[in-house]
Amino acid sequence: MTGGPVVLAIETSCDETAVAVLRAPGELLAGEVASQIELHNRFGGVVPEVASRNHLLAVRPLIERALHEAGVGLGEIGALAATAGPGLATSLMIGFSAAKGLAVGLRKPFFAINHLEGHLLSPFLGVAVEACVALVVSGGHTMLVEVLGAGDYRLLGQTRDDAAGEAFDKVAKLLRLPYPGGPEIDRRARAGDAARFALPRSMMDSGDGAFSFSGLKTAVRYLLPKVDLEDPQAVADLCASFQEAAVDVLVAKTLDAARRCGRKLVTVSGGVSCNSRLRERFREACGAGGLELRMAEPGLCTDNAAMIAFVAAGRLERGEASPLTAEISPNLPLGQAL
Ligand code: KG4
Ligand code: ZN
């Protein structure tokens with residue numbers, strides 16, 4: 001990969017402050033993430049006002065650290081990018097204003113990037129985007145998308161209620177496990193028996209891309225009186241049973257969608273794609289079904305700015321840019337460019 005322009009991107013859609021420096025089209029020079037997990041753990045979830053104030057404190061030192069790590073001076077930056085949405089308004093506006101301010105000061109193009117497109121294309125960071133069926137599975141979203149090319153997406157379906165990551169986090173809370181619950185359930189489930197508790201696989205055979213996870217969460221709630229939460233084995237078994245039910249649906253529906261669309265490549269992205277069982281099951285199922293599989297490395301599955309820089313680099317290459325009048329858009333749908 002040779003010397004394209006350098007993109008500096010900022011991501012502050014939720015509770016991670018992230019800055020990345022990427023040389024177009026896809027050479028990551030630095031990727032910094034300052035997590036606020038410790039801070040929000042006390043409250044059992046993200047408190048928007050706390051998140052916003054901490055983005056404000058973290059963003060400038062993080063920009064400096066990322067530039068230092070990349071060995072790049074401000075004068076060498078060719079474009080600025082930031083997440084425009086979807087996300088928490090008070091969090092989005094911190095990174096968005098910082099990137100826009102730098103773009104104005106440096107007189108460089110600015111890119112307002114869709115967070116979902118960042119996740120969607122993250123498995124391709126460093127390589128060319130190819131047509132595929134993509135599962136985006138995070139704390140805020142669960143969707144199946146047919147990718148026809150960079151910037152050309154067809155939504156096949158999404159969750160009707162909770163996102164998969166939200167279900168992991170809520171079930172963890174029911175089991176009195178720390179926030180965020182997804183990684184904790186993943187860890188506990190390794191020692192558990194996934195066959196111990198029978199749990200529903202909602203909409204598994206609905207023949208479309210829609211999902212529903214709230215019934216699964218409620219089924220776990222109904223099991224609680226029968227489970228001793230002081231017994232680590234019982235908790236591990238419940239974690240494994242819940243995780244297997246969620247993974248069963250995600251794998252089956254994604255492969256089903258790939259068959260329906262006639263695509264040979266499947267991608268999986270978003271925070272839940274860190275899940276070790278999900279990764280294992282996707283590898284097995286794609287291998288058995290003769291499908292190629294691409295997943296981002298775990299560090300690029302959860303929120304990061306590298307994926308935002310990568311989308312911006314693609315748009316820069318296509319000669320696009322966002323107007324400086326672009327604003328944050330907390331409910332921005334996939335496919336909408338700013
Ligand atoms: O993509 P992400 O960082 O933020 C959103 O855009 O939502 O995803 C965060 C979600 C959380 O719900 C978290 O519990 C989940 O990803 N997650 C996991 C794992 N690691 C993160 N869920 C299951 N297993 C994991 N190992
Ligand atoms: Zn995300």
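For ligands, and for the atoms within them, numbers begin at 1 and follow the listed sequence.
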Handout entry: Minimum-distance protein heavy atom relative to atom 2 (P) of ligand 1
Key = Asp303 OD1, 3.4 Å
Practice task
Taking Ser52 for its side chain and Glu49 for its backbone only, find out whether a donor-acceptor pair lies under 3.5 Å.
Solution key: no
Exercise for the section: Apply the test salt bridge (charged side-chain N to carboxylate O under 4.0 Å, His left out) to residues Arg201 and Asp205: give CA-CA distance (whole Å), side-chain angles for both, the deciding distance (0.1 Å), then the verdict. Expected result: CA-CA 9 Å; Arg201 271 79 172 149; Asp205 303 310; over 6 Å; no
Handout entry: Top protein contact for atom 10 (C) of ligand 1, by heavy-atom distance
Key = Gly139 N, 3.4 Å
Completion exercise
Under 4.0 Å from one or more heavy atoms of Phe168, ligand 1 contributes atoms 23 (C)
Problem - Part of Glu16 with heavy atoms under 4.0 Å of ligand 1, whether side chain, backbone, both or neither - result: neither
Exercise for the section: Check whether Ile10 and Leu56 end up in the same hydrophobic cluster, where Ile, Leu, Val, Met, Phe, Trp and Tyr are linked by side-chain heavy atoms less than 4.5 Å apart. Expected result: yes
Practice task
Would you mind telling me if ligand 1 is within reach of the side chain of Asp186, the backbone, both or neither, using heavy atoms under 4.0 Å?
Solution key: side chain
Exercise for the section: Please confirm whether Gly140 comes within less than 3.5 Å of ligand 1 when only nitrogen or oxygen atoms on both sides are compared. Expected result: yes
Exercise for the section: Pull out every atom of ligand 1 sitting under 4.0 Å from any heavy atom of Gly165, numbered as shown with elements. Expected result: 12 (O)
Handout entry: Distance below 2.8 Å from the Zn ion (ligand 2): protein N/O/S atoms
Key = His115 NE2, His119 NE2, Asp303 OD1
Practice task
Look at atom CZ of Arg196 and say whether more than 12 heavy atoms of other residues, nucleotides or ligands are closer to it than 6.0 Å.
Solution key: yes
Practice task
Begin from the C-alpha positions of Asp208 and Lys253 and carry the test salt bridge (charged side-chain N to carboxylate O under 4.0 Å, His left out) through to its verdict.
Solution key: CA-CA 8 Å; Asp208 59 14; Lys253 298 205 74 157; 3.6 Å; yes
Handout entry: Salt-bridge criterion met for Glu184 and Arg187 (N-O under 4.0 Å)
Key = yes
Practice task
Would you please indicate yes or no on a ring centroid separation below 6.0 angstrom for Phe110 and Phe96?
Solution key: yes
Practice task
Examine the side chains of Ser269 and His119 and answer whether a donor and an acceptor come within less than 3.5 Å of each other.
Solution key: no
Practice task
Test Cys261 against every option in Leu148, Val147, Leu156 by the side chain to side chain contact (heavy atoms under 4.5 Å, CB included) rule and name the one that passes.
Solution key: Leu156
Practice task
Check ligand 1 against His119 and write out every atom of the ligand that is under 4.0 Å from a heavy-atom position of the residue.
Solution key: 1 (O), 6 (O)
Exercise for the section: Identify the protein heavy atom lying closest to atom 24 (N) of ligand 1, giving its residue, its atom name and the separation to 0.1 Å. Expected result: Asn275 ND2, 3.0 Å
Problem - ILVMFWY network linking Val311 to Met295, side-chain heavy atoms under 4.5 angstrom - result: no
Problem - Pro180 N/O under 3.5 Å from ligand 1 N/O - result: no
Problem - Residue, atom name and distance, where the atom is the protein heavy atom closest to atom 22 (N) of ligand 1 - result: Gly182 CA, 3.3 Å
Exercise for the section: Report yes or no: does Glu76 contribute a side-chain atom to a donor-acceptor pair with the main-chain N or O of Gly73 at less than 3.5 Å? Expected result: yes
Problem - Proximity flag His141 to ligand 1, non-hydrogen atoms under 4.0 Å - result: no
Problem - For atom 12 (O) of ligand 1, the option (of Asp169, Ile185, Val272, Val136) bearing the nearest heavy atom - result: Asp169
Fill in the blank from the handout: So the atoms of ligand 1 within less than 4.0 Å of a heavy atom of Cys274 turn out to be 20 (N), 26 (N)
Problem - Between His55 and Asp15, a side-chain donor and acceptor under 3.5 Å - result: no
Handout entry: Note: Asp186-Arg277 ion pair, threshold 4.0 Å (strictly below)
Key = no
Practice task
In plain terms, say whether Lys217 and Glu166 are close enough for a salt bridge, that is, a side-chain N and a carboxylate O under 4.0 Å apart.
Solution key: no
Exercise for the section: Mark the output for His115 as yes if a heavy-atom distance to ligand 1 is under 4.0 Å, and as no if none is. Expected result: yes
Handout entry: Closest approach of any protein heavy atom to atom 20 (N) of ligand 1, naming residue and atom
Key = Gly271 O, 3.5 Å
Exercise for the section: May I ask whether Cys14 has any heavy atom positioned less than 4.0 angstrom from an atom of ligand 1? Expected result: no
Problem - Tyr179 six-ring centre to Lys173 NZ/CZ under 6.0 Å and within 45° of normal - result: no
Problem - Under 4.0 Å to a heavy atom of Thr302 - the qualifying atoms of ligand 1, by number - result: 3 (O)
